[in-house]
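For reference, the structure discussed in these notes is given below.
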Amino acid sequence: MAKPILLSVDDDSDVLRAIERDLRSQYGGDYRVIGSDSPTDALGILNQLKLRNDGVALLLADQRMPQMDGVGFLLEARQIFPEAKRALLTAYADTNAAINAINQASIDYFFMKPWDPPTEHLYPQLDDLLDDWRASYRPAFEGIRVLGTRWSPRSYELRDFLARNHVPYQWIDVEQSANDPETQRVLEALGPDANKIPVALFPDGTKLLEAVPAEVAQRVGLRTRAQTDFYDLAIIGGGPAGLAAAVYGASEGLHTVMIEREAPGGQAGMSSRIENYLGFPAGLSGGDLARRAVVQAQRFGVEILAPLEATGVRIEGPYRIIQLADGNEISCHALMVSTGVQWRRLEAPGIDRLQGAGVYYGGGATEALSCKGEITYVVGGANSAGQAAINFSKYAERVVMLVRGASLAATMSQYLIDQIKTTPNIQVWTNASVSEVHGETHLEEISVLCSDTGRVERVPANAMFIFIGALPRTEWLDGVVERDDRGFILTGPDLISGDRGPKGWTLDRDPFLLETNVPGIFAVGDVRHSSVKRVASGVGEGSVAVQFIHQYLSKV
Ligand SMILES: Cc1cc2nc3c(=O)[nH]c(=O)nc-3n(C[C@H](O)[C@H](O)[C@H](O)COP(=O)(O)OP(=O)(O)OC[C@H]3O[C@@H](n4cnc5c(N)ncnc54)[C@H](O)[C@@H]3O)c2cc1C
C-alpha cells in the first residue's frame, strides 16, 4: 500500500528543509514527506496526487509567502483533499492571523516558528492530528481507474478488454457519479482532459486520454511483441482449444507462442457459468476457466501475445510464416489455428450505430451489473442466450428473451429451459425478432416483429444482448488452407473425397486427423469443419493435436 503523504510548503528553503527533516525522522516510516517552496507548485503537486489516487494526511503551510499566503493555500488545497489535516506555520507576530484562520478557514492547528524541540512543540500535536486523520481514512484503490460514460462505445470496449484480460480496474462513470464530490475533484484535477474519455489513470500518476485497449495493454505489461522470431509451435487463437494446445505443447517441450486478438478465454471467457465441463460439479465461470488456463500455460513457459491479430500466413519450405496486424512476422514449424467463431451480426436499422451504447454482442460481462433494476433484452434461443438470460436475471428487474422460433425446445438444452421456467423475472417472447432499434445517444426502444401476428411492437429497453449464432472469420487463410463454403477449416478425412486427396498435398501419407491440406498447419475447436461446439471438445482437440504435431516435427 502506498504511504499517505505529509506535504509542507514554505518559500524559505532553510525552514522548508528543517521541517521536512523533522517530519521525515519522526513519521518517515509510515508517511511520505514532500516539500515545496511555492504554494502554486504545491497545488499542482496535489492535483497530480489526486490523479494518482494517493492519500494526503497533512498539509502544513507557512503563513507568510509572497505569491499566496498559507491560509489562501490551505483553502484551495482543501478543495482537492478535504479530508487532509491542515496546519499553519506562523511567526509570533502572526498569531492573530492564525487564530482567525482557525475560525474562518477551518484550519486544524497552528505551529509557532521555531518549533524546537520538536518532541515538545511539533510531534505531540501532529500525533493527535494524524491519529484523528487515520481514524476516518479509507485506503484508496491502487490499480488503474477508468473514467468514461456507460453509453460510450469506446469506454465499453476498454472496460470489456480489461475485464476479459483480468486486469483489476476501478470504473468511474462520470455521468452517473456527477454529484459525487470525489469524482468532481478528479475531473477538476484533469481539467480539459476530462473531456477525452475514456481516460485511464495509472497508479504512477500518468494517464492515457481517449485510451484504446492496445495502448493500455502495453502500459499494464500485456505482451504484444514476440521474444524471438521462430517457434516450434505457434497457436493462433487463445480460446479453450488454443489454451489446451499451448499447455500440452509447452509441457512436452515445444517452444510455444500463442497469439490472441482480444483476450485469452475466447467465447468461453464470455460464459457466465459452464455447467457441463468435467470435474466442476457446481459449474465454473468462463472467466475463471480462462484465468486458470492462462496461469497453467505461463507456468510451462508459453509466450502469450495479446492483443495481437494474425492477418495472413505464407509457406516457405518447412517454415510457416505468420503475418501480424502490427506489421511483424513470426515463423514456426507447426502452426495451429484455433480461432473459433465470432458472433453473427444482427441486420436491423440502428444496430451498428448503437453498438456499445446499449446494444452488445455476446455476454457483456462488464455490463451485467449496470443492468441493475432495468429491463434487459436477450436476442437468441440457444444455450449461450439462455445462460446470459439467467445471469442477467440476477441484476435486471426483468429479462426478456426474444426468440425467433415457436419455442426453446429445438435450440436449448433442457437443463437451461428448466432453469428459465423457474426464474420469475425471465420472460420468453417467442415468434419474435428485432426489426429496428431506436435511441439518440443510446438504446431506448426496440421494434419487435411478431411473426405469428405480423404486427410490430415498439417496447422500451435499456440494453440488448445479441446471441444469434456465430461464424468463423478465416479470410486471412485465403488461398492457403482449404475451407468449406461457410469458412470452417477442413481437416483430416474431410479433405478427402473419393479418390481425390487434399488440394496441393505432396506427402505420401494422408493428413493427420486435425491437419489441414498444408502439412504442419492444424485446426482445432469451433473453427474446424463439423466440430462439436463445446469447451470440452475444443480442449480435447487442442490436446490431441499436439500428438500429431510431434509426429509431424519428427519428419521436418
Ligand atoms: C456465452 C457462451 C456460453 C457458452 N457456454 C458453454 C457451455 O456451458 N458449455 C460448453 O461446453 N460450451 C459453451 N459454449 C461454447 C464454447 O465456449 C465454445 O465451443 C469454445 O469456446 C470454443 O473454443 P475455441 O478455442 O475453439 O474457440 P473460441 O472460444 O471462439 O476462441 C477463439 C479465440 O481466437 C481468437 N481469434 C480469432 N481470430 C483471431 C486472429 N486472426 N488472430 C488472433 N486471435 C484470433 C478470438 O479472439 C478468440 O479468443 C459457450 C459459448 C458462449 C459464447
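Both counts, for ligands and for their atoms, begin at 1 and track the order of listing.
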Just to be sure I'm reading this right: ignoring hydrogens, which of [options] gets closest to [atom]? Compare them by their nearest heavy atoms.
| atom | options | result |
| --- | --- | --- |
| atom 9 (N) of ligand 1 | Asn276, Val532, Thr339 | Asn276 |
| atom 23 (O) of ligand 1 | Gly538, Pro240, Gly525 | Pro240 |
| atom 17 (O) of ligand 1 | Ser537, Ala268, Ala244 | Ala268 |
| atom 46 (C) of ligand 1 | Glu260, Met258, Glu541 | Glu260 |

Could you check whether any side-chain heavy atom of Ile351 comes within less than 4.5 Å of a side-chain heavy atom of Met464, counting everything from C-beta outward? yes

If the cut-off is 4.0 Å to any non-hydrogen atom of [X], which atoms of ligand 1 fall inside it?
| X | answer |
| --- | --- |
| Gln342 | 37 (C) |
| Val341 | 30 (O) |
| Ser338 | 32 (C), 33 (C), 34 (O) |
| Gly237 | 33 (C), 34 (O), 35 (C), 44 (N) |
| Ile259 | 43 (C), 44 (N) |
| Gly266 | 29 (O), 31 (O), 48 (C), 49 (O) |
| Gly340 | 27 (O), 28 (P), 30 (O), 32 (C) |
| Gly238 | 33 (C), 34 (O) |

Counting only nitrogen or oxygen atoms and a 3.5 angstrom limit, does [X] reach ligand 1?
| X | answer |
| --- | --- |
| Asp526 | yes |
| Ala310 | yes |
| Gln267 | yes |

When you measure from the side chain of [X] to the backbone of [Y], do you find a donor-acceptor pair of N or O atoms at a distance under 3.5 Å?
| X | Y | answer |
| --- | --- | --- |
| Asn431 | Asp452 | no |
| Thr206 | Asp204 | no |
| Ser531 | Gly525 | yes |
| Thr516 | Val481 | no |
| Ser384 | Ser271 | no |
| Tyr156 | Gln355 | no |

Partners of Arg404 by side chain to side chain donor-acceptor pair (under 3.5 Å), sequence neighbours excluded? none

Heavy atom under 4.0 Å from ligand 1: found in Leu308's side chain, backbone, both, or neither? backbone

Which residue holds the protein heavy atom closest to [atom], what is that atom called, and what is the gap in Å?
| atom | result |
| --- | --- |
| atom 11 (O) of ligand 1 | Val535 N, 2.9 Å |
| atom 7 (C) of ligand 1 | Gln387 NE2, 3.5 Å |
| atom 31 (O) of ligand 1 | Gly239 CA, 3.4 Å |
| atom 53 (C) of ligand 1 | Trp343 CZ2, 3.3 Å |
| atom 45 (C) of ligand 1 | Arg261 CB, 3.7 Å |
| atom 25 (O) of ligand 1 | Ala241 N, 2.9 Å |
| atom 15 (C) of ligand 1 | Lys533 O, 4.0 Å |
| atom 52 (C) of ligand 1 | Ser384 CB, 3.8 Å |

Kindly say whether the aromatic ring centers of Phe465 and Phe392 come within a distance under 6.0 Å. yes

Salt bridge check, Asp173 against Arg159: does any charged N sit closer than 4.0 Å to a carboxylate O? no

Give a yes or no on whether a salt bridge exists between Arg509 and Glu515, defined as a side-chain N under 4.0 angstrom from a carboxylate O. yes

Under a plain distance cut-off of 3.5 Å, with no hydrogens placed, do Asp484 and His529 share a side-chain donor-acceptor pair? yes

When rounded to the nearest 0.5 angstrom, what distance separates OG in Ser413 from CD in Gln419? 10.5 Å

Rounded distance [0.5 Å steps], CD1 in Ile521 versus CD1 in Ile549: 11.0 Å

Would you verify that at least one protein heavy atom lies under 4.0 Å from atom 21 (O) of ligand 1, or report that none does? yes

Can you check whether a protein heavy atom sits less than 4.0 angstrom from atom 50 (C) of ligand 1? no

Sequence neighbours excluded, every pair satisfying side chain to side chain donor-acceptor pair (under 3.5 Å) that has a member inside residues 463-476: Thr474-Arg483

